[in-house]
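Quantities reported herein were computed from a predicted structural model and do not represent experimental measurements. Quick note on labels: first sequence line is chain A, next is B, and so on, each numbered from 1.
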2 protein chains.
Amino acid sequence: MAKRHLSLKDLATELNISISTVSRALKNHPDISPEITRKVQDLALLRNYVPNPLAMGLLKQETKMIGVIVPDLVTHFYSSIIAGIEEYAKSQGYFILLASSYENLQKEIESVSNLLKARVDGMIVCVSKETNRFDHFLQLIENEIPLVFFDRVCLSELVPCVVVDNKEAVNQIISHFSQNGYKRIAFISGPSHLSISSSRIEGYLEGLKNNGLKFDPELLRSGNMGTEETIQIIEELLSLPNPPDAFFGINDMVIFTVMKELKKLRIKIPDEIGLVGFADEFHATFSSLELTTITHPTHEIGVKAAELFFIKKENPGYAETVVLQTQLVIRESSSRN
Amino acid sequence: MAKRHLSLKDLATELNISISTVSRALKNHPDISPEITRKVQDLALLRNYVPNPLAMGLLKQETKMIGVIVPDLVTHFYSSIIAGIEEYAKSQGYFILLASSYENLQKEIESVSNLLKARVDGMIVCVSKETNRFDHFLQLIENEIPLVFFDRVCLSELVPCVVVDNKEAVNQIISHFSQNGYKRIAFISGPSHLSISSSRIEGYLEGLKNNGLKFDPELLRSGNMGTEETIQIIEELLSLPNPPDAFFGINDMVIFTVMKELKKLRIKIPDEIGLVGFADEFHATFSSLELTTITHPTHEIGVKAAELFFIKKENPGYAETVVLQTQLVIRESSSRN
DNA sequence: TTCTTCACCGCAAAGCTTTGCAATAAGAGA
DNA sequence: TCTCTTATTGCAAAGCTTTGCGGTGAAGAA
């Protein structure tokens with residue numbers, strides 16, 4: 001229902017002057033006499049006038065809203081990035097319109113379309129795990145609608161991206177495992193079309209080489225990050241004639257699943273098998289064994305993504321990829337010295 | 001920068017007809033001839049025309065946006081509720097504008113003001129832990145802007161609310177503790193002005209009575225839910241001449257803190273002390289000991305809140321309080337039989 | 001042949017703000 | 001007293017959509 005909001009016209013009528021005079025008075029335009037300016041501003045304050053963003057938007061052709069699409073809304077990783085985006089956006093007078101792809105390509109496409117209908121000024125996106133086509137993003141690019149990717153990225157020649165140094169992170173994991181005497185390191189990766197999968201696999205191969213470990217293709221697995229498939233993979237890995245003595249995963253969830261499975265089998269962590277996660281979910285320190293993991297500067301990722309958004313908005317050609325550093329946080333799950 | 005979006009005018013010009021004809025043709029108005037209707041619809045589809053929500057909003061005096069304010073964005077409890085709200089809102093063609101109060105009254109007031117500036121059609125709110133004044137909400141009510149509260153509520157004579165049956169939930173906790181032989185049950189509650197605190201305290205007193213347990217005021221504590229203060233309270237409780245043998249808290253976080261502290265002191269859970277949380281955070285099952293807790297139908301809370309919003313929007317006087325049921329999920333932290 | 005009646009389509013206003021330009025008035029200079 | 005500035009203020013258009021109402025032409029009726 002909601003009563004009509006106060007407009008310039010209301011103020012103008014009350015003061016018996018024209019709308020344009022009110023408009024100018026409110027922004028201290030020199031053309032307007034001091035008394036009128038004062039009277040208008042006083043009344044506006046009293047009545048708590050706020051300009052109508054719809055009218056402004058129509059005029060300026062912008063909504064001051066950024067669409068943000070994430071794979072899910074409920075993990076700390078994304079929530080925290082969103083908080084970062086929101087913070088920076090707010091400082092620029094922008095709002096965020098949030099959408100979740102639920103890790104589903106169709107829903108992602110739908111979200112892009114919905115946000116477009118809402119006339120967001122642009123989007124900041126982390127693609128879903130299923131995203132292997134990019135038409136929906138190319139459409140944005142063609143229409144010169146600012147777009148920024150973070151974490152899971154694509155089209156990086158056209159779009160500014162914020163990522164972490166995945167290769168280096170994995171290198172650190174391998175070195176850490178190696179220093180703790182683990183030799184057969186399994187990597188449960190994600191879908192191969194995802195940037196985070198491929199870059200971490202690179203790091204995996206490099207890290208093995210750097211630490212004088214042999215690459216065994218059987219220990220490198222690509223899953224869909226789902227619990228069921230992950231359990232399947234764990235079972236297969238454990239029943240290998242020469243099973244792994246260490247696991248790390250594309251994210252913490254995968255490794256928590258490993259932890260649960262190993263607990264069921266009464267396999268000792270970190271003595272028999274070492275574990276390292278990826279992302280440092282909020283609850284990593286509450287788990288039965290505190291999890292070694294790669295912390296991400298999530299808040300900073302969000303802020304940076306928002307920053308890039310505003311740069312992109314002013315420079316259509318801009319397409320830098322910003323790489324942020326992670327940190328290996330060593331906890332119980334991998335320390336057996 | 002973004003190119004200008006396609007408008008009715010563009011279609012009209014291309015077809016050499018008037019804007020109003022295009023507008024009517026798009027909605028199959030009987031006044032428009034079949035051929036023109038077809039031509040217009042074909043072109044609209046081809047060019048991917050979407051109506052401009054700013055213009056519509058200006059005309060209809062509504063933005064189809066709901067402001068949602070939560071204490072934080074990063075706990076699973078709120079994220080999941082938000083997902084529920086978003087789902088229902090989307091089904092009604094509405095978007096969500098998200099804001100966090102960060103558990104801070106000033107930020108909450110600011111958020112209300114910001115959302116108002118953005119001209120949301122109404123708001124769905126869970127108040128911050130500091131919220132003990134309600135002027136900012138009364139202002140909305142006066143202006144007949146639809147408002148719904150959930151979980152932590154207030155002004156329930158004026159505003160529709162969605163809550164859980166806190167009294168019953170706490171009753172269940174007490175009975176469960178009692179059945180497991182715990183006798184001195186401490187409750188670390190939240191700020192006393194919060195609805196969830198007072199209703200759970202009611203349940204606490206009732207539950208004790210129902211189970212023939214004596215109420216000891218020393219075991220009922222109100223904290224600010226912060227880790228530091230919680231630790232302080234735990235220490236005080238444990239150094240009591242007759243310390244508690246069971247804890248439950250206003251939320252899971254508080255109890256996770258207890259769990260950590262007890263672990264440090266090498267106190268055995270659940271043998272020496274039993275623990276029960278509240279809310280069933282995502283990671284309750286990953287903790288060193290799986291946590292007994294009260295699960296909330298979070299998604300349903302969100303959906304219901306959104307439903308009430310749309311009812312309220314059509315019925316200014318509406319102010320029902322919907323009570324949803326929780327469930328006690330018994331896990332390791334409190335089972336010592 | 002002339003009037004009536006549909007069938008169709010376009011004009012214009014409303015919703016709100018900004019801003020270029022026109023207009024008015026007063027004051028100053030001649 | 002008359003013309004020219006200068007200082008203020010208002011008009012109107014643009015941005016986009018919806019919708020009441022008026023308008024046009026053709027076909028049917030008398």
Side-chain angles (χ1 to χ4, degrees), chain A residues 1-41 43-44 47-65 93 116-121 143, chain B residues 1-41 43-44 47-65 93 116-121 143:
Chain A
M1 294 282 80
K3 298 180 189 168
R4 202 175 53 79
H5 285 268
L6 202 70
S7 75
L8 285 184
K9 195 190 210 168
D10 298 317
L11 298 182
T13 307
E14 184 160 352
L15 292 173
N16 253 314
I17 53 179
S18 79
I19 295 175
S20 30
T21 301
V22 176
S23 173
R24 290 192 173 97
L26 284 176
K27 35 181 65 63
N28 289 309
H29 195 289
D31 268 8
I32 307 301
S33 70
E35 318 101 280
I36 291 206
T37 299
R38 192 184 43 72
K39 279 201 325 204
V40 169
Q41 294 189 354
L43 187 67
R47 295 267 184 281
N48 196 19
Y49 167 78
V50 285
N52 187 322
L54 295 169
M56 294 281 291
L58 205 51
L59 199 65
K60 297 279 178 57
Q61 295 285 2
E62 59 176 21
T63 53
K64 301 240 173 207
M65 295 195 303
L116 227 38
K117 281 184 193 153
R119 290 290 203 274
V120 293
D121 289 345
N143 285 69
Chain B
M1 292 288 76
K3 298 180 190 171
R4 203 175 53 77
H5 285 268
L6 202 70
S7 75
L8 285 183
K9 193 188 206 170
D10 298 319
L11 299 181
T13 306
E14 183 160 351
L15 292 173
N16 252 315
I17 55 180
S18 80
I19 295 174
S20 30
T21 302
V22 177
S23 173
R24 290 190 173 96
L26 285 176
K27 32 182 67 63
N28 290 308
H29 193 290
D31 268 9
I32 307 300
S33 70
E35 319 100 281
I36 289 205
T37 299
R38 193 186 41 71
K39 279 202 322 204
V40 168
Q41 293 188 356
L43 187 66
R47 295 268 183 280
N48 195 20
Y49 166 80
V50 285
N52 187 322
L54 296 170
M56 294 282 291
L58 206 51
L59 200 63
K60 299 279 179 57
Q61 294 286 1
E62 58 176 21
T63 53
K64 301 241 175 206
M65 295 196 304
L116 226 39
K117 281 186 195 153
R119 289 290 201 277
V120 294
D121 288 346
N143 285 69

(message) Once rounded to the nearest 0.5 Å, what's the spacing between atom CD of Gln41(B) and atom NZ of Lys27(B)?
(response) 10.5 Å
(message) At 4.0 Å (heavy atoms only), tell me whether Ile17(B) reaches a base, stays on the sugar-phosphate, or touches nothing.
(response) sugar-phosphate
(request) Using atom NZ of Lys9(B) as one end and atom C1' of dA13(D) as the other, report the distance to the nearest whole Å. (result) 10 Å
(request) Any chance you could lay out the side chain to side chain contact (heavy atoms under 4.5 Å, CB included) test for Ile17(A) and Lys39(A), step after step, and finish with the verdict? (result) CA-CA 11 Å; Ile17(A) 53 179; Lys39(A) 279 201 325 204; over 6 Å; no
(message) I need the CG-C1' distance between Leu6(B) and dC16(D), as an integer number of Å.
(response) 12 Å
(request) State, with a plain yes or no, whether a side-chain heavy atom of Asn143(A) is found less than 4.5 Å away from one of Leu116(A). (result) no
(request) Specify the separation, in whole Å, of atom CG of Leu54(B) and atom C1' of dT17(C). (result) 12 Å
(message) So if I take residues 28-39 of chain A and measure heavy-atom distances to DNA chain D, which residues fall below 4.0 Å?
(response) Asp31(A), Ile32(A), Ser33(A), Ile36(A)
(message) Nearest 0.5 angstrom please: Thr63(B) OG1 to Leu54(A) CG, how far?
(response) 6.5 Å
(request) Grab the CG-P distance between Asn52(B) and dA14(D) for me, whole Å please. (result) 17 Å
(message) Taking only side-chain N and O atoms of Gln61(A), does any of them lie within less than 4.0 angstrom of OP1 or OP2 on dA14(D)?
(response) no
(request) Find the distance between CD (Gln61(A)) and NE2 (His5(B)) and round it off to the nearest 0.5 Å. (result) 8.0 Å
(request) Could you list the residues that satisfy side chain to side chain contact (heavy atoms under 4.5 Å, CB included) with Ile19(B), not counting sequence neighbours? (result) Leu8(B), Lys9(B), Ala12(B)
Check nucleotides 18-20 of chain C for protein N or O atoms closer than 3.5 Å to its own N or O atoms and list the pairs.
unit_1, atom_1, unit_2, atom_2, d
dT18(C), OP1, Lys27(A), NZ, 3.0
dT18(C), OP2, Ser23(A), OG, 2.8
dG20(C), N7, Arg24(A), NH2, 3.2
dG20(C), O6, Arg24(A), NH2, 2.5

(message) How many whole angstroms separate atom NZ of Lys117(A) from atom C1' of dT17(D)?
(response) 17 Å
(request) Go ahead and write out DNA chain C as dot-bracket, 5' to 3': ( ) for pairs within the strand, [ ] for ones crossing earlier pairs, | when the partner sits on another strand, dots for unpaired; Watson-Crick or G-U wobble, both distances under 3.5 Å. (result) ||||||||||||||||||||||||||||||
(message) Can you measure Lys64(A) atom NZ to dT17(C) atom P for me and round it to whole angstrom units?
(response) 16 Å
(request) Identify, with sequence neighbours excluded, every residue that meets side-chain hydrogen bond (donor to acceptor under 3.5 Å, both in side chains) alongside Thr37(B). (result) none
(request) Rounded to the nearest 0.5 Å, what's the gap from OG on Ser18(B) to CZ on Arg24(B)? Could you check? (result) 7.5 Å
(message) Rounded to whole Å, how long is the line connecting atom CD of Glu62(B) with atom C1' of dC16(C)?
(response) 16 Å
(request) Look up atom CG in Asn52(B) and atom CG in Leu58(A), then write down how far apart they are to the nearest 0.5 Å. (result) 6.0 Å
(request) Kindly compute the distance separating CD1 (Ile32(A)) from OG (Ser20(A)), expressed to the nearest 0.5 Å. (result) 7.5 Å
(message) Checking Leu43(A) now: which residues fulfil side chain to side chain contact (heavy atoms under 4.5 Å, CB included) with it, not counting sequence neighbours?
(response) Leu11(A), Glu14(A), Leu15(A), Leu46(A), Arg47(A)
(message) Expressed as a whole number of angstroms, how long is the span from Leu58(B):CG to dG15(C):C1'?
(response) 4 Å
